[in-house]
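Have a look at the structure below, then the notes.
Since the model is a prediction, treat every value here as computed from it, not as a measurement.
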Amino acid sequence: MLKDTIKKKIEDHAEYTFPQECCGLLVNVSGKQIYHPCTNIAAGHEEQDFVLDPMNYAEAEDLGEIMGVVHSHPNAS
C-alpha cells in the first residue's frame with residue numbers, strides 16, 4: 001500500500017506535467033519506499049503515451065530496488 005506522502009508526490013508530478021502523461025518509479029531504498037519522477041520521452045505522443053527516460057531508470061536502479069512503474073491518465077476519470 002502506498003503511503004499518503006508518496007501518493008501526494010505522484011499527484012503533484014501528474015499536475016505539473018499535465019496535459020502530458022507523467023511517469024515515474026517506486027523504489028525501495030534501504031527499506032523505505034520513494035517515488036522517483038521520470039521524464040516522459042514519448043516524442044510527439046506525450047499526452048497519450050509514456051516512455052520512461054532510460055537515464056532516469058538507471059538513476060533509480062542506483063538508488064535501490066525498483067518496485068513499480070507509475071503513470072497518469074490525463075483527462076481520464
Side-chain angles (χ1 to χ4, degrees):
M1 183 149 100
L2 292 176
K3 292 184 177 183
D4 289 340
T5 54
I6 299 291
K7 288 179 187 178
K8 177 74 171 127
K9 288 180 182 184
I10 294 168
E11 289 172 1
D12 289 347
H13 187 211
E15 288 177 10
Y16 177 77
T17 60
F18 184 84
Q20 296 179 347
E21 190 157 347
C22 84
C23 54
L25 299 164
L26 297 173
V27 185
N28 182 333
V29 179
S30 300
K32 181 180 178 186
Q33 191 176 71
I34 66 160
Y35 175 65
H36 185 74
C38 296
T39 302
N40 181 357
I41 61 169
H45 302 282
E46 301 94 342
E47 292 180 12
Q48 62 188 11
D49 297 323
F50 78 96
V51 176
L52 290 168
D53 183 327
M55 292 301 294
N56 295 156
Y57 196 95
E59 293 165 358
E61 278 186 316
D62 289 344
L63 294 173
E65 180 184 3
I66 295 173
M67 304 298 293
V69 176
V70 174
H71 68 99
S72 62
H73 291 257
N75 294 317
S77 58

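With sequence neighbours excluded, the residues that form a side chain to side chain contact (heavy atoms under 4.5 Å, CB included) with Glu61 are Tyr57, Ile66. Under the ring pair (Phe, Tyr, Trp, His ring centres under 6.0 Å) criterion, His45 pairs with no residue at all, not counting sequence neighbours. Evaluation of the side chain to side chain contact (heavy atoms under 4.5 Å, CB included) rule for Asp53 yields Thr39, Ile41, Met55, Asn56 as partners, not counting sequence neighbours.
Between Met1 and Gln33 the shortest heavy-atom distance is O-OE1, 4.5 Å. Contact detail for His13 and Cys23: the closest heavy-atom pair is CE1-O, 3.1 Å. The two residues Tyr35 and Ile6 make their nearest non-hydrogen contact at N-CD1, 3.8 Å. In terms of heavy-atom proximity, Pro19 sits nearest to Glu47 at O-CG, 3.6 Å.
Taking SG from Cys22 and NE2 from His73, the interatomic distance works out to 10.0 Å, rounded to the nearest 0.5 Å.
Residues Val70 and Leu25 fail the side-chain proximity criterion, which asks for heavy atoms closer than 4.5 Å. Residues Ile34 and Lys9 have side chains not in contact (no heavy-atom distance under 4.5 Å, counting atoms from C-beta outward).
Residues Asp12 and Lys8 are paired through a salt bridge, judged by an N-O separation under 4.0 Å between the basic side chain and the carboxylate.
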The test is side chain to side chain contact (heavy atoms under 4.5 Å, CB included); show your working for Asn40 and Thr17 and say whether it passes. CA-CA 9 Å; Asn40 181 357; Thr17 60; over 6 Å; no

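Both Val69 and Val29 sit in one connected hydrophobic cluster of ILVMFWY residues. Membership requires side-chain heavy atoms under 4.5 Å apart, directly or through other members.
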